[in-house]
Amino acid sequence: MNDRPKQDRHSSDAQPASPDRRKMLLGLGLAGGAVASGLTPGAAFGASTAGEASQPDQALEARQPFYGAHQSGVTTARPPAGLVVSFDVLAATRGDLERLLRKLTERIEFLTQGGPAPEIDPKFPALDSGLLGPVVTPGNLTMTVALGASLFDGRFGLAGAKPTHLQRMPQFPNDALEAESCHGDLLIQICSDTPDTNIHALRDVIKNSPDLLALRWKVDGYNAPARGANQPPFTPRNLLGFKDGTANPDPDDNSAMNRLVWVAPESAEPAWAAGGSYQVVRIIRNFVEQWDRTPLQEQQSIIGREKKTGAPLTMAAEQDIPDYAGDPKGERIRLDAHIRLANPRTAESQANLILRRPYNYSRGVTKAGQLDMGLLFICFQADLENGFLAVQKRLNGEPLEEYIKPVGGGFFFALPGVPAKGLYLGQSLIEATELPGDSAHPTPRKSS
Amino acid sequence: MKSIRTALLIGASSLGLALAAQAAPMDLVGPVSNYKIFVAKGVDRLVTTTAAFTAAVKAGDLKKAQALYAPTRVNYETIEPIAELFNDLDGSIDSRADDHEKKEADDGFTGFHRIEYGLFEKKSTDGLAPLADKLNKDVVELQGRIKTLTIPPEKMVGGAAALIEEVGKTKITGEEDRYSHTDLYDFQANVDGAKKIVDLLHPLTVKADPALSAAVDKNFAAVDGILAKYKVGNGWQSYDKVTEADRTALKGPVTALAEDLSKLRGALGLN
């Protein structure tokens with residue numbers, strides 16, 4: 001194991017309660033989560049060295065804020081373990097929907113901040129699964145709640161408040177969507193330093209919402225650790241072996257995030273949606289055996305980057321900006337190379353930038369006896385039309401399609417954050433759709 | 001800090017009440033002996049109906065055998081928490097093809113579902129006679145064993161939860177009776193079996209934890225309400241007919257019942 005991050009570990013995570021400080025330390029780029037906390041997945045998953053075994057792992061105490069204008073888990077540095085789970089909402093009334101949102105708020109607040117697991121007479125089923133032991137460690141957990149277009153049907157009277165571009169994910173030309181892995185009323189993206197933290201959080205939510213949520217689909221992913229570089233950017237690699245995320249906008253650049261990721265207070269979107277973000281999830285299977293049988297130079301021209309360094313073809317460094325204007329015929333980087341289609345780097349295409357936050361997934365063997373693995377693609381944007389949809393439209397028909405097959409996912413809207421204690425996730429939506437005499441609230445509340 | 005959080009979480013549920021008013025073990029004597037009678041009558045009915053069902057199979061009367069399949073099985077499903085205490089018999093009477101490595105072709109695959117496979121998938125009684133004989137023998141054996149069984153109170157109380165877990169695990173998907181699509185018979189039988197236990201315990205539960213008792217009653221009613229739509233005469237529609245929306249709608253009350261019934265043993269102070 002690499003010795004280098006250890007110093008960071010003791011200096012940064014000995015102060016777990018300061019998210020701001022942590023965030024500052026994490027401003028290293030996408031792989032910063034793993035580096036700054038000193039965790040390669042090996043360490044995070046329990047393969048600790050002798051000295052660490054005798055004392056509690058300080059890194060598992062690191063926590064992300066729960067309250068704020070935005071939910072955590074969007075611009076938060078991507079930790080090593082990610083899980084996306086989609087539910088059908090079983091709530092039958094607006095009152096039940098509000099109960100669900102309040103319950104999720106309560107659970108997520110506790111799980112992300114940590115504390116002693118509640119105890120009870122052992123004659124009863126325990127209230128906590130016990131996966132993390134008697135004290136629930138936050139482990140940098142974030143749980144980001146997003147709503148699907150189907151929740152805005154007739155059931156809860158939300159139809160008039162649907163975010164402008166929110167829609168059921170369409171079938172794109174290269175897709176082979178499996179119904180059991182698509183869509184959903186409510187999505188939770190669960191990310192943390194360790195897979196058991198994510199599973200603990202998921203089981204807690206399921207146990208606490210038996211009559212309100214039904215599981216629909218779930219994908220577990222991991223984020224590759226930084227490797228093979230001594231200095232930033234520590235861009236992780238996807239399962240095609242290429243660095244993925246080099247041209248991502250900087251999640252610590254607030255003005256870029258306000259422009260590209262967060263729905264602004266004054267926009268075409270309903271007022272309640274301000275501070276939220278469109279979230280796209282795509283389960284993209286990679287045909288890795290076939291890819292591994294493809295000549296390296298062909299792989300590189302399909303992607304448009306050097307596999308080893310991540311540099312745009314014919315350039316020196318990963319962060320070099322390709323000069324497409326000076327290469328109009330695609331002699332250096334093919335016109336249909338993945339990076340050129342995804343981000344043509346024109347003045348107009350700046351409006352199409354999206355914040356990608358993907359995970360790799362690996363989950364068994366297909367009927368044909370091939371590996372079932374690929375990219376759990378996740379991205380956030382303030383405008384779905386200008387964001388993912390515009391990018392995907394350019395990518396349709398790209399040569400990379402021979403090696404990838406999207407099989408599931410969906411379009412969702414990540415709710416605005418919970419500004420302060422006592423308020424709940426989605427409150428602005430519920431209140432925006434209230435009718436006079438609405439019985440959504442079990443107890444009378446002052447109107448604002 | 002710890003005690004405050006713990007107290008808040010527990011106080012927020014109805015469990016605090018349950019701890020205050022546990023039933024004395026003696027209070028359970030009545031419900032348990034009534035349940036024993038219920039189970040004994042159930043297994044008697046299982047033996048009688050299985051005799052008629054297997055006779056039709058052996059006579060080669062496909063139509064009659066098909067018609068008797070589901071109404072015979074319900075007598076097993078209703079008393080499953082007790083029947084499945086006998087592991088060996090549960091395997092030979094009620095296992096599904098999935099439980100066997102070679103699936104339908106496996107020699108160890110016997111009992112109701114193996115006969116169901118012949119009657120509904122192969123649409124024939126050919127080769128089913130030995131299986132019919134074995135099923136008959138097995139249910140008679142079960143009857144004998146139940147006669148001499150002392151029902152442990154925690155098995156009875158836990159049985160309500162076990163039946164509902166069964167529904168949530170294998171009935172909602174329609175995989176239990178995959179050849180005949182008669183899942184709704186089993187579904188209702190499991191629910192009835194659980195409801196019987198809950199009803200027998202009601203005087204105790206309502207004292208120990210009224211909120212839990214009310215929640216359970218409410219969710220039983222919700223399940224019954226959805227199932228009622230699919231009732232035809234004395235029987236049930238094919239599970240194919242249950243809409244996707246209703247399958248999803250059933251998950252809520254079934255899962256909530258499973259959660260609530262899992263607290264029943266604790267609420268009554270049973271180990």
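In this text, all values refer to a predicted model and were calculated from it rather than measured experimentally. Numbered from 1 within each chain, the chains take letters A, B, ... in sequence-line order. Because only heavy atoms are used, hydrogens play no part in the values below, and waters and symmetry mates are left out as well, while side chains stay in.
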More than 12 non-hydrogen atoms from neighbouring residues, nucleotides or ligands closer than 6.0 Å to [atom1] on [X], yes or no?
X	atom1	result
B:Lys231	NZ	yes
B:Lys36	NZ	yes
B:Lys103	NZ	yes
A:Arg363	CZ	yes
B:Glu101	CD	no
B:Asp240	CG	yes

Residues of residues 243-260 of chain B within contact distance of chain A, non-hydrogen under 4.5 Å: B:Thr248, B:Lys251, B:Gly252, B:Thr255, B:Ala256, B:Glu259
